[in-house]
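What follows is a short report on a single structure.
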Amino acid sequence: AQTVTQSQPEMSVQEAETVTLSCTYDTSESNYYLFWYKQPPSRQMILVIRQEAYKQQNATENRFSVNFQKAAKSFSLKISDSQLGDTAMYFCAFRGNDMRFGAGTRLTVKP
Amino acid sequence: DTGVSQNPRHKITKRGQNVTFRCDPISEHNRLYWYRQTLGQGPEFLTYFQNEAQLEKSRLLSDRFSAERPKGSFSTLEIQRTEQGDSAMYLCASSFLGLRITSDTQYFGPGTRLTVL
């Protein structure tokens with residue numbers, strides 16, 4: 001069974017600084033997709049970024065980028081120029097034969 | 001299109017009662033997922049449909065839970081004889097999976113928060 005591990009339950013960062021959230025996963029599949037979702041307080045979950053496992057190039061979406069290390073089964077999210085609106089729970093997710101989410105990292109951006 | 005919608009947003013019920021939730025996916029999305037999320041945890045997969053066919057159910061899903069997607073559009077999730085342990089946020093997500101789109105990127109609704117007293 002696939003597992004997704006987020007080892008940082010909580011993190012904080014100063015506004016305008018950079019923060020990296022960690023995610024590791026375990027799978028025997030070769031074709032899969034990885035996602036980072038953001039869930040602001042009392043609001044619905046939204047997609048931040050997506051990575052196809054067959055692509056070596058790391059995905060980037062504006063201030064959000066990933067460091068995908070397939071051999072190490074690592075998929076970290078880097079948020080540059082952090083903004084107050086980035087405060088949220090961040091979930092790493094794996095989509096192969098099934099869909100699994102990590103337990104989440106609560107990120108607080110401080111003014 | 002306004003995205004995935006779920007109704008009701010909140011439901012309070014007494015133990016032993018049956019409850020039903022509805023999810024309306026994004027138009028043209030052929031896949032629909034149900035998840036359960038408890039406080040401080042990530043979503044836990046319950047079941048999913050491709051069109052009207054229920055393709056997978058979690059082994060953790062009690063037989064008190066049933067889901068339908070009769071016309072391949074909206075879906076309902078019913079919980080019979082609710083228990084206090086059923087209290088959670090129930091999330092619905094939809095996606096489009098086709099020959100050229102294979103990532104199954106899911107878009108989530110706002111959820112239905114169930115409280116069982």
Side-chain angles (χ1 to χ4, degrees), chain A residues 1-11 21-25 29-55 59 61 66 68 75 77 88-108, chain B residues 1-10 21 23-26 29 31-50 54-61 88-113:
Chain A
Q2 281 71 232
T3 58
V4 179
T5 302
Q6 293 180 248
S7 59
Q8 305 151 315
E10 294 188 24
M11 293 191 72
L21 309 183
S22 301
C23 174
T24 59
Y25 58 94
E29 299 177 56
S30 57
N31 295 320
Y32 51 87
Y33 297 85
L34 296 162
F35 306 87
W36 279 97
Y37 283 90
K38 167 185 176 182
Q39 190 174 40
S42 301
R43 295 181 62 185
Q44 69 194 76
M45 195 166 316
I46 58 175
L47 178 69
V48 175
I49 199 165
R50 177 184 70 212
Q51 175 77 43
E52 293 87 346
Y54 61 85
K55 288 188 177 179
E61 288 286 343
V66 299
F68 174 47
F75 182 61
L77 174 70
M89 283 289 289
Y90 286 82
F91 293 99
C92 177
F94 171 99
R95 179 55 163 137
N97 287 332
D98 65 357
M99 183 81 182
R100 288 186 180 263
F101 286 79
T105 296
R106 183 178 302 280
L107 176 66
T108 302
Chain B
D1 192 346
T2 56
V4 179
S5 62
Q6 292 187 245
N7 288 289
R9 295 291 305 277
H10 303 275
F21 310 140
C23 171
D24 288 87
I26 294 172
H29 277 193
R31 286 196 165 186
L32 188 149
Y33 292 77
W34 285 100
Y35 295 89
R36 176 171 58 195
Q37 185 179 25
T38 53
L39 196 62
Q41 297 297 315
E44 175 189 25
F45 169 78
L46 295 178
T47 187
Y48 89 93
F49 294 83
Q50 178 149 324
Q54 188 173 18
L55 296 188
E56 188 176 349
K57 289 175 63 174
S58 169
R59 287 171 292 178
L60 301 175
L61 197 62
M89 178 75 84
Y90 289 84
L91 298 173
C92 175
S94 71
S95 68
F96 180 79
L97 195 70
L99 292 177
R100 299 183 65 182
I101 300 175
T102 58
S103 67
D104 197 24
T105 299
Q106 296 175 33
Y107 296 87
F108 283 79
T112 295
R113 182 170 296 284

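Letters go in sequence order (proteins before strands), and every chain restarts at 1.
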Heavy atoms of B/G42 and A/F91 approach each other most closely as CA-CE2, 3.2 Å
Turns out that what part of A/Y32 lies under 4.5 Å from chain B's heavy atoms comes down to neither
Honestly, the part of B/Q41 sitting under 4.5 Å from a heavy atom of chain A is both
Under 4.5 Å to a heavy atom of chain B? For A/Q6 that would be neither
Between the CE atom in A/M99 and the OH atom in B/Y48, the distance rounded to the nearest 0.5 Å is 12.0 Å
Here the pair of heavy atoms bringing B/T105 nearest to A/F35 is OG1-CE2, 3.5 Å
Above 12 or not: heavy atoms from other molecules or residues under 6.0 Å from CZ of A/R106? no
With chain A, the option among B/Y107, B/Y33, B/F45 that has the most non-hydrogen atom pairs under 4.5 Å is B/Y33
Between B/E56 and A/D98 the two heavy atoms that sit nearest each other are OE2-CB, 4.0 Å
Taken to the nearest 0.5 Å, the spacing of B/M89 CE from A/Q44 CD works out to 10.0 Å
Output for pair (B/Y35 OH, A/M45 CE), nearest 0.5 Å, gives 9.0 Å
Okay, B/Q37 and chain A: the region with an atom under 4.5 Å from a heavy atom over there is side chain
Within the supplied structure, the quantity of interest is the number of heavy atoms (other residues, nucleotides, ligands) at a distance under 6.0 Å from B/L55 CG; does it exceed 12? yes
